[in-house]
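Throughout, protein chains are lettered first and strands after them, A, B, ... in sequence-line order, and every chain is numbered starting at 1. Atom set for the values below is all heavy atoms of this structure, side chains included, hydrogens, waters and symmetry mates excluded.
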Amino acid sequence: MISERVGGRVACGGSGRRGSRGLRKVAGSMGMTEGTYDFGQIERKWQAYWDEHKSFKATDCDASKPKYYVLDMFPYPSGQGLHVGHPEGYTATDIVARYKRMKGFNVLHPFGWDAFGLPAEQHAIATGTHPEETTNKNIANMKRQTKALGFSYDWDREVATTDPEYYHWTQWIVLKLFNSYFDEELQKARPIEELPVPDGLSAQERRRYIDDRRLAYQADVPVNWCPALGTVLANEEVVGGVSERGGHPVIRKPMRQWMLRITKYAERLLDDLKEVDWSESIKKLQVDWIGRSVGAEVCFRIDGYEDNIWVFTTRPDTLFGATYMVMAPEHPLVGTIVTEAQKQAVEAYCEAAARKSDLDRTDLAKDKTGVFTGAYAINPVNNERIPIWISDYVLISYGTGAIMAVPAHDDRDFEFATKFALPIVQVVQPPSAEDAERVARGELCFTGDGTAIHSGPFDGLTTAEFKEKITAWLAERGLGKKAINYKLRDWLFSRQRYWGEPFPIVHLADGTVTGISERELPLRLPDLDDYKPLGTAEPPLAKATDWVNVTLPDGSAARRETNTMPQWAGSCWYYLRYLDPRNAERGWDPAKEKYWMPVDLYIGGAEHAVLHLLYSRFWHKFLYDLGYVSTKEPFKKLVNQGMILGEDGQKMSKSRGNVVNPDQVVTDYGADSMRLYEMFMGPLEAMKPWSMNGVQGVHRFLQKTWRLVVEEETGRLSPAVQDAPADEETLRLLHQTLKKVGDDVESFGFNTAISAMMILVNHLGRQQVRPKSVLESLVLVLAPFAPHIAEELWQRLGHANSLAHEPWPSYDKGLIRERQIELAVQVNGKIRDRIVVAAEADEEAIQAEALSSDKVVEALAGKTPRKVIVIKSRLVNVVV
RNA sequence: GCCGGAGUGGCGGAAUUGGCAGACGCGCGGGAUUCAAAAUCCCGUCCUGGCAACAGGGUGAGGGUUCGAGUCCCUCCUCCGGCACCA
């Protein structure tokens with residue numbers, strides 16, 4: 001239905017769905033002539049021109065111009081090709097890039113491919129096709145689609161993360177992480193050789209001491225193991241406790257994994273958000289993800305044991321209200337303290353907890369469960385003996401893996417205490433008397449701030465005062481200390497996959513690991529006969545025995561690490577490789593880095609608001625510590641484009657059948673219409689539905705613009721185009737437009753910029769004489785948005801060279817101002833009349849004019865104005 | 001549950017940040033052109049009443065501040081996004 005209508009309507013403007021019965025044939029049979037807007041031919045012509053002339057080549061270290069680095073989040077080259085969401089961000093950055101060039105900036109605007117990823121590997125498993133082959137094919141297709149949109153990328157800087165010449169340096173950074181530690185005092189990374197190692201350690205202990213401090217390290221952590229698929233899955237591949245593909249059950253299984261110590265950078269990742277120009281909402285997402293909380297660690301003795309239990313709490317002021325303790329099932333002391341009577345129950349509980357997935361432990365299990373250990377702890381502030389429980393509502397991975405429970409003032413503890421009939425003791429008096437009564441009766445849990453009660457010598461203190469006093473009190477007695485915890489966890493950095501960067505690490509016969517030499521990089525992926533998982537938890541690379549088994553220079557045998565890196569790895573630093581993409585000696589040249597960094601504008605989808613941006617920032621700070629980059633933060637300004645929905649207002653998906661194919665849009669309406677429509681839809685950051693009719697609308701605008709310059713019948717310059725001075729009104733409108741478009745590009749208000757150009761075009765269309773100078777300015781400001789038609793019109797207006805580096809037309813403030821302005825006249829806020837006054841009229845004159853209006857006099861009905869408010873160039877309000 | 005963001009014509013969206021609500025585009029209605037259609041051009045198009053001039057109402061709902069509120073404040077509703085036992 002829709003395609004039928006669209007096809008019918010564009011018959012004159014484009015080739016439509018009915019393929020070759022398009023513009024040229026239909027129009028040709030109708031006697032169409034040379035001069036109609038033939039976007040297909042024009043776009044091919046100028047794309048070839050730009051390629052041939054390398055119009056958008058960025059010159060490194062050009063000191064004669066200010067630099068501007070404008071970056072897109074590079075895409076995964078999917079077999080589906082480009083969807084209409086991609087060009088949204090790309091068009092926005094392209095407009096800025098082209099605008100900045102015209103403003104005299106040396107612009108770096110590169111593009112590349114985040115090319116490692118699961119789909120190519122799944123395809124390899126299914127068909128035996130090498131993922132590299134699939135990837136290259138997909139890149140070629142998406143590159144064709146991207147180029148068809150006329151973006152002004154410096155294609156000579158194109159990179160793909162799967163290219164060994166690229167992942168050489170990904171591996172190099174990981175090797176640096178492996179060979180570095182974090183100096184707590186200086187709060188920065190340093191080479192591992194500089195790590196002070198205590199004296200008197202055995203060789204093995206020494207080794208252990210060092211390995212425990214590397215920024216890339218191994219640990220046993222639970223992974224998502226799917227027995228049916230015989231493989232480990234990423235969190236994104238597990239939906240609702242089963243595998244995304246096939247719906248097979250997934251269990252948690254501890255495996256030796258590579259981790260990156262991102263938590264060491266938590267404080268800096270938080271602090272430096274102050275330095276970047278990102279939306280507050282994105283910053284907040286990061287802040288919440290890092291999840292810093294300040295409190296105290298407190299030591300509880302276990303009755304009858306030497307061991308102590310440490311807990312972390314943000315509310316040390318509620319210590320007197322701690323009526324029991326809870327340890328995570330995985331807590332190392334569980335086995336030690338459990339009594340004989342409780343042993344069976346505790347073991348059963350811990351085993352069940354181990355089997356549960358994260359999902360079971362949170363979403364599905366709202367109801368609290370737990371079991372008593374039989375052991376008791378001593379509350380350090382009042383020496384009360386309190387029971388120690390086990391429950392999976394306490395996480396081993398946060399804080400100390402154990403808590404003191406204060407049911408009167410913590411929702412979770414309240415719920416647990418209620419269920420297991422544990423005592424509830426109020427120690428904070430809420431400000432509201434009503435609340436206070438209910439808390440005292442044990443009916444209400446109060447988590448806010450108040451005044452201390454039932455807290456011995458501390459009674460009467462406010463929550464804030466108490467926190468400070470008790471923390472000091474505990475510290476003096478060695479029973480506690482101030483502590484800061486983060487929700488952020490170390491980054492699980494290994495995947496049991498083939499299609500990823502191999503680790504530059506070998507395992508020695510004695511079980512230790514070592515990094516390979518930088519000279520051996522890149523460590524290339526070996527080819528495999530087939531890509532199916534082994535069915536054990538071993539990664540596919542284990543199959544490549546020739547590759548895995550290596551002989552070290554000293555003649556000893558070793559095995560390569562068979563895990564590969566996650567997809568995030570390549571995208572963590574690609575913005576640096578663009579600076580110097582063909583450098584075989586190093587990842588990037590320091591002088592080029594100093595010249596181009598930081599990225600001035602970074603645009604991409606909000607789905608990367610947390611992980612990609614956090615990981616990149618982490619690597620960047622690490623590289624900063626080692627002196628490889630000169631800025632603390634990589635991305636100065638960040639903008640997230642909103643999602644584009646289908647015409648039905650739903651998310652685009654194959655199953656809904658509402659996917660819009662960019663190739664089709666380009667064929668039917670042209671790249672310029674596509675670009676313009678994507679920007680005209682609405683604010684860049686908003687979510688908005690697609691509309692083919694909307695594409696028609698901007699296409700009509702381009703045709704109108706075309707006809708301002710070209711006489712369709714002859715294909716020659718329109719006779720209305722003359723070297724005549726513009727009349728006052730036209731000139732004013734032109735300069736208003738120049739100002740509006742420039743201002744709007746600076747503030748990413750592309751939709752309103754286009755609207756302003758439409759107003760000017762509509763006006764010029766009505767003129768008998770169209771001054772060439774006005775058209776030239778119009779074409780120049782249109783160029784960043786619709787570059788192909790702009791180049792063509794610029795040429796037809798008599799210019800030999802591309803307009804890509806023409807200066808952006810400036811506006812004249814004096815010409816913008818209207819001579820006469822219309823003001824609304826209100827009586828008590830209601831508009832009663834409009835008056836026209838000279839732009840420079842003073843308040844008194846305006847007031848006199850307003851009060852003399854018949855309609856105003858009538859509305860006043862003889863009453864005397866109490867007050868007259870004159871807002872110059874806006875309105876007059878007469879108050880009675 | 002908690003934290004963000006947003007609710008404006010039939011639709012996408014504007015509104016110089018407290019100053020004429022609905023720019024621009026779509027859609028729709030009417031007209032011109034045409035043998036006819038497409039395309040193009042012109043006029044109209046927030047709602048209600050009226051031939052009209054005009055009058056009244058109107059930015060999710062209710063209240064408030066102000067000469068004046070889509071914009072600021074309070075309460076509530078709806079939608080979208082994020083987090084989800086982080087002690």
Contact under 4.0 Å: A/Asn693 side-chain N or O vs B/G27 OP1/OP2: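 Result: yes.
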B/C41 OP1/OP2 closer than 4.0 Å to side-chain N/O of A/Asn762: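 Answer no for this pair, as no side-chain N or O of A/Asn762 is under 4.0 Å from OP1 or OP2.
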Quiz item: cation-pi between A/Lys481 and A/Trp310, 6.0 Å / 45°: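 A/Lys481 over A/Trp310 ring: yes.
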Without decimals, in angstroms, what is the distance between [X] [atom1] and [N] [atom2]?
X	N	atom1	atom2	value
A/Ile644	B/G81	CD1	P	16 Å
A/Arg700	B/A39	CZ	P	8 Å
A/Lys872	B/G68	NZ	P	24 Å
A/Tyr669	B/C26	OH	C1'	12 Å
A/Ile390	B/C85	CD1	P	19 Å
A/His612	B/G82	NE2	P	18 Å
A/Trp278	B/G4	CH2	C1'	17 Å
A/Ile869	B/G18	CD1	C1'	12 Å

Sugar-phosphate, base or nothing in reach of [X], heavy atoms under 4.0 Å:
X	result
A/Ile759	sugar-phosphate
A/Leu285	sugar-phosphate
A/Arg832	sugar-phosphate
A/Lys830	sugar-phosphate
A/Lys855	sugar-phosphate
A/Asp411	nothing
A/Ser293	sugar-phosphate
A/Glu822	base

In B/U40, glycosidic geometry as syn within 90° of 0 or anti otherwise: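 Chi for B/U40 falls in the anti range.
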Chi-based syn or anti call at B/G82, which uses purine or pyrimidine torsion atoms and a 90° bound: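 B/G82: anti glycosidic orientation.
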With both distances kept under 3.5 Å, what pairs with [N], Watson-Crick or G-U wobble?
N	answer
B/A38	none
B/G10	B/C26
B/G1	B/C83
B/C46	B/G57
B/C67	B/G19

Upstream residue (5' side of RNA chain B) when A/Asp413 and A/Ser755 are each assigned their closest nucleotide: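 The answer here is A/Ser755.
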Earlier contact from the 5' end, RNA chain B, for A/Arg866 and A/Ile831: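 On the 5' side of the pair lies A/Ile831.
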For nucleotides [N] and [M], find the distance between their [atom1] atoms and express it as a whole number of Å.
N	M	atom1	value
B/A53	B/U17	P	34 Å
B/U34	B/G22	C1'	36 Å
B/A6	B/C28	P	33 Å
B/U66	B/C74	C1'	16 Å
B/C85	B/G5	C1'	26 Å
B/G62	B/A14	C1'	27 Å
B/G7	B/G56	C1'	26 Å
B/G60	B/A39	C1'	42 Å

Can you tell which of [options] lies closest to the side chain of [X]?
X	options	result
A/Thr314	B/U40, B/A87, B/C67	B/A87
A/Lys284	B/C3, B/C83, B/A87	B/C3
A/Met758	B/A87, B/C24, B/G19	B/C24
A/Phe312	B/G4, B/A87, B/C85	B/A87

Identified ring pair (Phe, Tyr, Trp, His ring centres under 6.0 Å) partner of A/Tyr324 from the options A/Phe416, A/Phe414, A/Phe300: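 Going through A/Phe416, A/Phe414, A/Phe300 one by one, the ring pair (Phe, Tyr, Trp, His ring centres under 6.0 Å) with A/Tyr324 is satisfied by A/Phe416 alone.
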Strictly under 3.5 Å: I want the nitrogen or oxygen pairs between protein and nucleotides 6-14 of chain B, one per line.
| unit_1 | atom_1 | unit_2 | atom_2 | d |
| --- | --- | --- | --- | --- |
| B/G12 | O2' | A/Met681 | O | 2.7 |
| B/A14 | OP1 | A/Asn751 | ND2 | 3.1 |

Ionic contact status for A/Arg732 with A/Glu818, cut-off 4.0 Å: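 Judged by the 4.0 Å cut-off on N to carboxylate O distance, A/Glu818 and A/Arg732 do form a salt bridge.
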Salt-bridge criterion met for A/Glu88 and A/Arg675 (N-O under 4.0 Å):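 Looking at A/Glu88 and A/Arg675, the cut-off is not met.
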State whether a side-chain donor-acceptor pair under 3.5 Å links [X] with [Y].
X	Y	value
A/Glu415	A/Thr418	no
A/Thr263	A/Tyr486	no
A/Gln703	A/Glu712	no
A/Asp672	A/Tyr677	no
A/Ser293	A/Tyr398	yes

Whether over 12 other heavy atoms sit under 6.0 Å from A/Lys482 NZ: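 No, the 6.0 Å shell around NZ holds no more than 12 heavy atoms from other groups.
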Heavy-atom donor-acceptor pair, A/Asn877 side-chain to B/C67 base, under 3.5 Å: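 Result: at least one qualifying N/O pair found.
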Side-chain donor/acceptor of A/Lys368 to base of B/C85, under 3.5 Å: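 Check passes, donor-acceptor contact within cut-off.
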Qualifying residue, where the test is side-chain contact (heavy atoms from CB on, under 4.5 Å) with A/Met758 and the options are A/Thr737, A/Thr705, A/Val698: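 The option that passes is A/Val698.
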